[in-house]
Amino acid sequence: MSWTEEGHRFAWHMKLRDKEARATFTVTDPASGRTRTVRPSTYLTRLQARRMAAHPDMILQLAHHIASEERRAGRPGVEVRADALASLNGREPQPLVYPDVDLAVQPRNLAPAAWIVPLYEPLPSRHAPPPPGDADE
């Protein structure tokens, strides 16, 4: 699917869409109550950060990496959330992942992810009739 990216790398249509996105991460230490924002550029190059922001599986992977780095720094049990906005094929940007979900504890697997926000404005059906005024006159 073009929005969730689930199965995207295995699909023939992977180049037939335009998706723009940005993401930042929030790390919360429940033990101290401290919260801070982490920019992807802390860990990634500009190209990697741009690509990651549009792919929920990569957002999850970076969230897990951030949590791992926090554990190494002596802060076990941190929560990592993402503020990711994306625009698919010119639509208005919308959240790509639920911002209140702790991604540090979400499993990495191939199953559909409940933490990905559904696309508010769905793609038009391939079999839908043309909009009024587009017919040959």
Side-chain angles (χ1 to χ4, degrees):
M1 302 204 49
S2 292
W3 179 249
T4 65
E5 304 291 335
E6 294 166 330
H8 179 75
R9 290 180 194 87
F10 303 104
W12 65 268
H13 68 296
M14 65 186 294
K15 299 280 186 201
L16 300 178
R17 59 109 172 108
D18 177 49
K19 192 171 183 184
E20 296 179 20
R22 66 157 187 81
T24 58
F25 294 83
T26 303
V27 177
T28 303
D29 183 352
S32 68
R34 290 188 178 142
T35 298
R36 66 186 177 87
T37 299
V38 175
R39 298 201 177 280
S41 59
T42 305
Y43 300 99
L44 306 173
T45 67
R46 186 179 309 177
L47 176 62
Q48 289 170 329
R50 195 173 78 226
R51 182 163 294 171
M52 175 276 308
H55 292 80
D57 62 317
M58 292 182 187
I59 292 171
L60 181 64
Q61 188 171 2
L62 183 55
H64 282 204
H65 179 72
I66 292 168
S68 175
E69 291 291 307
E70 292 291 320
R71 282 192 299 276
R72 273 182 256 202
R75 292 179 292 277
V78 296
E79 299 169 354
V80 181
R81 292 175 175 77
D83 175 21
L85 289 176
S87 170
L88 179 64
N89 294 335
R91 290 174 177 78
E92 288 296 315
Q94 74 162 66
L96 182 55
V97 301
Y98 288 106
D100 58 339
V101 172
D102 177 10
L103 297 174
V105 297
Q106 298 302 312
R108 288 184 62 205
N109 57 42
L110 296 176
W115 45 268
I116 300 174
V117 177
L119 185 61
Y120 296 156
E121 187 181 337
L123 292 169
S125 170
R126 289 181 17 196
H127 304 291
D134 284 358
D136 291 332
E137 296 181 19

Looking at every heavy atom in both Pro95 and Val117, which two are closest together, and how far apart are they? O-CB, 3.5 Å
Just to verify, what does Asp83 make a salt bridge (charged side-chain N to carboxylate O under 4.0 Å, His left out) with, not counting sequence neighbours? Arg22
Determine, step by step, whether Thr42 and Phe25 satisfy the side-chain contact (heavy atoms from CB on, under 4.5 Å) criterion, reporting the C-alpha distance in whole Å, the side-chain angles of both residues, the deciding distance to 0.1 Å, and the verdict. CA-CA 11 Å; Thr42 305; Phe25 294 83; over 6 Å; no
Can you name the residues that form a side-chain hydrogen bond (donor to acceptor under 3.5 Å, both in side chains) with Arg46, not counting sequence neighbours? none
Residues passing the side-chain hydrogen bond (donor to acceptor under 3.5 Å, both in side chains) test with Glu79, sequence neighbours excluded, are Arg81
Distance-minimising heavy-atom pair for Ala104 and Val78: CB-O, 4.0 Å
Distance from Leu60 atom CG to His64 atom NE2, nearest 0.5 Å? 4.0 Å
Flag, side chain of Gln94 to backbone of Tyr120, donor-acceptor distance under 3.5 Å: yes
Starting at CG of Asp57, measure out to CD1 of Ile116 and round the result to the nearest 0.5 Å. 8.0 Å
So Glu121 and Glu92, side-chain contact (heavy atoms from CB on, under 4.5 Å) or not? Walk me through it. CA-CA 9 Å; Glu121 187 181 337; Glu92 288 296 315; 5.7 Å; no
Any residue meeting side-chain contact (heavy atoms from CB on, under 4.5 Å) with Arg72, in chain and number order, not counting sequence neighbours: Ser68, Glu69
Thr45: side-chain hydrogen bond (donor to acceptor under 3.5 Å, both in side chains) partners, not counting sequence neighbours: Gln48
Which residues satisfy the side-chain contact (heavy atoms from CB on, under 4.5 Å) test with Glu20, sequence neighbours excluded? Asp18
Would you please name every residue forming a side-chain contact (heavy atoms from CB on, under 4.5 Å) with Asn109, sequence neighbours left out? Pro107, Ala111
Gly90 to Ser87 - nearest heavy-atom pair and separation: C-OG, 3.8 Å
Pairs in or reaching into residues 23-45: which pass salt bridge (Lys or Arg N to Asp or Glu O under 4.0 Å), with residues at least two apart or in two chains? Arg36-Glu70
Please, which pairs that meet salt bridge (Lys or Arg N to Asp or Glu O under 4.0 Å) have at least one residue in residues 93-115, sequence neighbours excluded? none
Pairing residues for Tyr98 by the ring-ring contact (aromatic ring centres under 6.0 Å, His included) criterion, not counting sequence neighbours: none
Please round to the nearest 0.5 Å and tell me the distance separating atom CG of Leu119 and atom CG of Leu88. 6.0 Å
side-chain hydrogen bond (donor to acceptor under 3.5 Å, both in side chains) partners of Thr35, counting only residues at least two apart: Thr28
Give me the atom names and distance for the closest heavy-atom approach of Ala53 to Leu96. O-CD2, 3.4 Å
On a heavy-atom basis, which atom in Pro76 and which in Arg71 lie closest, and how many Å separate them? CA-CG, 4.0 Å
For Gly77 and Pro30, the nearest pair of non-hydrogen atoms, with its separation, is O-CD, 3.4 Å
List in chain and number order the residues that pass side-chain contact (heavy atoms from CB on, under 4.5 Å) with Thr37, two or more places apart in sequence or in another chain; answer none if no residue qualifies. Thr24
